[in-house]
Amino acid sequence: MALLEVKKLKVYYQTGRGVNQAVDGISFELDQGSSIGLVGESGCGKSTTVKGIVRVMPTNAFIPEGEVYFNGSDILKSAEKEMRQLRWRDISIVPQAAMDSLNPVYTVRNQFLEVMQLKGDLNKKQALVRAKELFALVGLNSDLLNYYPHQFSGGMKQRAVIALALALNPRLIITDEPVTALDVIVQHQILNELKELRQQLGLAMVMITHDISVVAQTCDQIAVMYAGKIVEKGKGKQVLKNPLHPYTMGLKNCFPNLNQPNKELIAIAGSPPDLIDPPPGCRFYERCPFAMTQCQLEEPGLEELESGHLSACFLREDIDQYRNKAKEVETWLQVII
Amino acid sequence: MILTMWVIATILFFIFRLMPGNPLVAYIDPTFTEEQQQILLKQFGLDQPLWYQYFVFLKNLGQGELGDSFFFRDSVVNVIGKVLPNTIYLMLLSLLLAYTIGIMSGIYLAWKRGERIETVGIVLTLFTRAAPQFWVGMILLAVFSFRFGLFPSGGASAAGTVYASEWEKLLSPSFYHHLFLPALTLAIYLLGLPLLLMRSNMLDVMKEAYVDMASMRGLSKLRVMLKYAARNACLPVVTAMAVGIGYAMGGNVVIETVFSWPGLGRLLVKAVSTSDYPLAQGAFILIAGVMVIMNFVADLLYSILDPRVTLENRR
Ligand SMILES: Nc1ncnc2c1ncn2[C@@H]1O[C@H](COP(=O)(O)OP(=O)(O)OP(=O)(O)O)[C@@H](O)[C@H]1O
Ligand SMILES: [Mg+2]
């Protein structure tokens, strides 16, 4: 049985202009101890997915449809009180804005002890010991516990927030852009630490990022999101080596590749469609260099093209040929926006 | 701070000297001879040139000496000292009421964002804020005092009572009985600021990542609201309160008049209307002093309540 199973989850926002279909029917599953990377450009609905899974959403967000099974039970149907039990004990989060995710007027220690005493049933002494242990785990000096969040550097704060997420030995940790705000060196360190910690503690992880090369380092599976939908999903290596969806091919071009450091970076022209009134066909149609007439009319469903490797695109044969074309700048320049 | 006080004192000094009206009218009997009047003027130092009077004034001020009131024929310090406690009690009680109720209601309204109760609450608050103080005071008097006789209609003590000391006054139930209605009137007026400020700060703070994260940590809604949202949202409100004390000191003229409350506000009106410079000056300097000090206290409080702020980097 999978630890987490998200089925056709939809999370919408009620806005002044209409309903924003930010997350529109995504499905993925995750086994105990394994990891999945959720990749996609800004605004594709990654953070919204997280908020929907744990149901801590802004007041204008709602879930019209979908199921989220955690450990076999549908937590979208469970009461708020049960959800509260689940949060942090079973599912913890390293938020996108780790920098401002701690209360500025209390010490870091206060916030560590709070969660451990209230949620972890530890007494103050045990909690303090555990807090020091956690700080050591992420490579922070335990004296720093007495500091206020503003006295931490960005990297220190990020580590502290990771430590806090590990506090109650959760089974699943969701990290939302855990390293985006940091410099490359610290990024690298923290990603490696995260990977080690995960293996050491045997926890499952959903890692959210817009940088596809980051997930390659850390995750077993990759799901590529575009405009609220998953367009490609598969094992990490599969997706990265042999992308099936033109969007994934384009995304690969956007980030430096360690094996080909001199390769030119190519951006995907244009921007995602307005999700308040999304187009009827493929949501990537306008920006796709290989778009066909069919794509504008009909929405391609996710289909398994290789074992365990799914793509939502009408290109189902001779994909090698497209992959090669996608490596050239000219291909992407053809797209007329 | 000293500089601010000096500027205020100087402005006050000259404003009163340049105001029309002879201060001695209150003091001098028309039957006095010209000679007697000159002697009196000399006694008060009013025959000296203005610049000389100014330096004498500053020197005395430096020693905490505010001169004598023309009208009460007593030292200004004494005259003010007699009414000041009454004003302070009135102010403290109403600030306490207003800020406790205001902060709690502000939190509540922010919590109930978008619900019907929020609209009702805001309309009511705007109403209390817009209602003239004398009108609220008179309604309260009409209802509680004249109609039901629950509270006395004015003054700070029952007719004929004389308290031996401030302590005795503070311990007497009758004093609070008298204090209640004016304090309530002032509190109703003061309520709007902390309430609306708290509510809007709460709404801002509730958008902060740390509030969401507290919910994601599975903490209870009440805890998230109080420890995470309200604790951060109250910072500017506490500052506003310290500054509000300064304003409330001098701004009670209307209420003190409606309730015949023997406080600083009424004294001030009398001093101005009788051209009693030393008294008016003294009262204004006191009020200004309290405002300056309270501004300083506000900074101090802020640096205590918010670890990100230290006094050094605010200045
Ligand atoms: N509170 C909100 N109200 C209305 N729309 C929202 C709200 N929050 C997010 N959205 C919209 O939902 C969509 C998805 O946002 P989301 O934050 O999930 O993106 P993301 O993939 O996490 O992006 P990023 O990489 O920039 O963090 C965006 O179009 C955004 O405008
Ligand atoms: Mg995001």
Side-chain angles (χ1 to χ4, degrees), chain A residues 14 47 50-51 53-61 80-108 110-112 114-120 146-152 157 161 164-165 167-168 170 173-174 176 181, chain B residues 103 107-119 198-199 201-239 300-314:
Chain A
Q14 189 70 54
S47 300
V50 182
K51 291 176 191 161
I53 291 174
V54 291
R55 265 197 288 148
V56 173
M57 304 186 290
T59 42
N60 63 331
E80 172 64 19
K81 202 173 155 212
E82 291 161 42
M83 245 353 245
R84 205 153 57 220
Q85 295 286 322
L86 195 84
R87 290 183 197 129
W88 228 251
R89 273 196 205 146
D90 293 305
I91 305 179
S92 67
I93 289 164
V94 177
Q96 176 156 20
M99 300 294 160
D100 1 271
S101 71
L102 294 170
N103 192 340
V105 299
Y106 290 99
T107 57
V108 174
N110 177 305
Q111 296 173 66
F112 268 68
E114 176 183 45
V115 85
M116 285 189 269
Q117 285 179 272
L118 291 176
K119 305 281 300 173
N146 296 319
Y147 282 34
Y148 286 96
H150 73 276
Q151 294 167 308
F152 276 44
K157 234 184 266 183
V161 170
L164 189 57
L168 305 179
I173 176 171
I174 305 180
D176 191 353
Chain B
I103 288 179
I107 296 174
Y108 182 77
L109 289 189
W111 192 333
K112 297 288 172 192
R113 177 88 229 238
E115 290 177 29
R116 202 190 166 79
I117 181 95
E118 193 204 14
T119 324
M198 189 64 193
R199 175 183 157 276
N201 289 338
M202 278 291 280
L203 293 178
D204 282 345
V205 171
M206 278 156 71
K207 288 189 202 120
E208 296 282 343
Y210 54 80
V211 175
D212 262 353
M213 276 316 293
S215 301
M216 292 204 185
R217 277 177 223 150
L219 302 176
S220 72
K221 177 98 181 165
L222 186 69
R223 196 175 185 85
V224 175
M225 276 292 171
L226 295 182
K227 179 170 172 180
Y228 287 78
R231 174 65 175 77
N232 282 283
C234 79
L235 297 174
V237 184
V238 172
T239 317
L300 208 65
L301 271 178
Y302 215 106
S303 69
I304 293 171
L305 290 173
D306 189 341
R308 287 165 296 182
V309 177
T310 55
L311 280 184
E312 296 89 71
N313 67 28
R314 259 177 85 94

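In what follows, every chain begins at residue 1, and chains take the letters A, B, ... in the order their sequences are listed.
B:N232 contributes no side-chain N or O that, together with a main-chain N or O of B:V205, makes up a donor-acceptor pair within less than 3.5 Å. Counting only distance, with no hydrogens or angles, the side chain of B:W111 and the backbone of B:L222 share no donor-acceptor pair below 3.5 Å.
Of the two parts of A:L86, neither the backbone nor the side chain holds a non-hydrogen atom closer than 4.5 Å to a non-hydrogen atom of chain B. Interface remark: B:D212 contributes backbone and side-chain atoms alike to the contact with chain A (heavy atom separation under 4.5 Å). B:R113 does not touch chain A: none of its heavy atoms, backbone or side chain, sits under 4.5 Å away. Looking at B:K207, there are no atoms closer than 4.5 Å to chain A (heavy atoms on both sides), in backbone or side chain. For A:L118, the part sitting under 4.5 Å from any heavy atom of chain B is the side chain, from C-beta outward, and nothing else.
Using a 30° and 60° split on the angle between ring planes, A:Y106 and B:Y228 fall in the tilted class, from 30° to 60°.
Your options are A:M83, A:E114, A:K119, and the one with the most heavy-atom pairs under 4.5 Å with chain B is A:E114. When each of A:L102, A:V161, A:L168 is scored by its heavy-atom pairs under 4.5 Å with chain B, the top score falls to A:L102. Looking only at heavy-atom pairs under 4.5 Å with chain B, the residue among A:Q111, A:R84, A:Q85 that has the most is A:R84.
Electrostatic pairing of A:E80 and B:K221 does not count as a salt bridge here, judged by no charged N lying under 4.0 Å from a carboxylate O.
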Could you walk me through whether B:L219 and B:K227 pass side chain to side chain contact (heavy atoms under 4.5 Å, CB included), step by step? CA-CA 10 Å; B:L219 302 176; B:K227 179 170 172 180; over 6 Å; no
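Put simply, the residue from A:N110, A:V108, A:V115 that forms a side chain to side chain contact (heavy atoms under 4.5 Å, CB included) with A:F112 is A:V108.
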